Protein chains: 2
Amino acid sequence: MSEKLSASLEDYLEAIASIAGSSGETHAADIADSLGVSRPSVTVALRALASRGMINYRPYSTVSLTEDGRIRAASVLRKHRIVSRFFSEILGADEELADSAACRVEHAIGEEITDRLVEFLAFIDNCPMAARGGFQYESENRKEFREKAADYGKK
Amino acid sequence: MSEKLSASLEDYLEAIASIAGSSGETHAADIADSLGVSRPSVTVALRALASRGMINYRPYSTVSLTEDGRIRAASVLRKHRIVSRFFSEILGADEELADSAACRVEHAIGEEITDRLVEFLAFIDNCPMAARGGFQYESENRKEFREKAADYGKK
DNA sequence: GACAAAAGTTAGAGAGGGCTAATATTACAG
DNA sequence: CTGTAATATTAGCCCTCTCTAACTTTTGTC
């Protein structure tokens, strides 16, 4: 269905979408800065993305997403947001940790798992016991659950 | 703290641990079969794992995990189990899908996220509304949550 | 104990992703 | 309208991971 893209290329696509924002145009240098990568690496990635129909690209020119590129970037960004949110809001992880883990997990899960996670997040917001404060903040509970957790084979 | 291993090398370690089981010894051919990879690829990987102190390895001989290797393999296997379980039991994904996604996610999350997920799983087992049947099977609820889910920006 | 079959390794190549240094292009200031 | 600074690309190298084909070592059977 949708083109196969490596995690690396998805990261580039994601960066392009984030930078482009409303203007729609991106400079290679911004992509390099945003990803902490050298400019030559960006050039190579742009060629790869262009060959897969994800971006409009011509040498020495600005970059913009194609319709396919927009769709794919939106998919990756959505996965990122959902997963990061799950890690921080539900599991109670530090935002920075949640975000960095989401950066990797976003390439590892498909649409179905993401859809289900979205539904679960909506559900949990309505679950009086499980919502924030339920799991995260009631230390009495947490101690109890930490004991139960042994079943799952900690380290 | 623990050696940096690529996702690929973690997969090899995981396979070795799974195959070795109690006997502790593994043959390269079994690793190749288990991972669906060629034998030469296994040789290369074994050298890399040996150089990182994860396995005991000498050419033309069987392979076993070192203490470090056992620890690391257990960590990866634990992440796999937890994540797969979350995907299938909580999110309600098909076991096969859950497992294949877990194969990738296991390399993308650290110990802290995993610990928190373990606790959450234990917690959810005790949450009358959220436990199985709560989220997965009550279609009335699901419809409602699916509507709420729009907030999270579906596709 | 020799000799095939099985198991493992080496050799060589290619894809993918990254880097620095050098080169080319574009853009803007004078 | 020309030249320099900023930007982008090419060239060449490295590393990881994979493969097939060819070679070596081990194993086990007669």
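Just so we're on the same page: letters track the sequence lines, and every chain starts at 1. If you're wondering where the values come from, they're calculated on a predicted model, not measured in any experiment.
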**Report entry** R116(B) with E119(B): basic N within carboxylate O range, under 4.0 Å
**Finding:** no

Requested in this report: Among E111(B), E106(B), E10(B), find the one that has a salt bridge (charged side-chain N to carboxylate O under 4.0 Å, His left out) with K79(B).
Outcome: E111(B)

Output one line per pair: protein atom, nucleotide atom from nucleotides 13-18 of chain C, and distance, for all N/O pairs under 3.5 Å.
from    : atom 1 : to     : atom 2 : distance (Å)
dG17(C) : OP1    : S6(A)  : OG     : 2.2
dG18(C) : OP1    : S8(A)  : OG     : 3.3
dG18(C) : OP2    : Y12(A) : OH     : 3.1

Specify the separation, in whole Å, of atom [atom1] of [X] and atom [atom2] of [N].
X       : N       : atom1 : atom2 : value
L35(B)  : dT16(D) : CG    : C1'   : 16 Å
E10(B)  : dC17(D) : CD    : P     : 11 Å
R47(B)  : dT18(D) : CZ    : C1'   : 14 Å
H107(B) : dT16(D) : NE2   : C1'   : 15 Å

Query raised in the report: With sequence neighbours excluded, what pairs up with E96(A) under the side-chain hydrogen bond (donor to acceptor under 3.5 Å, both in side chains) test?
Result: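 Scan of E96(A) (side-chain hydrogen bond (donor to acceptor under 3.5 Å, both in side chains), adjacent residues dropped) gives none.
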
Query raised in the report: Which of parallel (below 30°), tilted (30 to 60°) and perpendicular (above 60°) describes F86(A) and F86(B)?
Result: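 F86(A) and F86(B): parallel rings.
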
**Report entry** Side-chain touch I31(B)/L46(B), heavy atoms, less than 4.5 angstrom
**Finding:** yes

Requested in this report: Report yes or no: does T66(B) contribute a side-chain atom to a donor-acceptor pair with the main-chain N or O of M54(B) at less than 3.5 Å?
Outcome: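 The answer is yes, because a donor-acceptor pair under 3.5 Å joins these two groups.
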
**Report entry** Flag, side chain of R52(A) to backbone of A48(A), donor-acceptor distance under 3.5 Å
**Finding:**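 Confirmed, R52(A) side chain pairs with A48(A) backbone.
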
Requested in this report: For a side chain to side chain contact (heavy atoms under 4.5 Å, CB included) with I82(A), tell me which candidate from H80(A), R85(A), R78(A) qualifies.
Outcome: R78(A)

Pairs under 3.5 angstrom, nitrogen or oxygen only, protein versus nucleotides 5-8 of chain C, please.
from   : atom 1 : to     : atom 2 : distance (Å)
dG8(C) : OP1    : A28(B) : N      : 3.3
dG8(C) : OP2    : A29(B) : N      : 2.9
dG8(C) : O3'    : Y60(B) : N      : 3.4

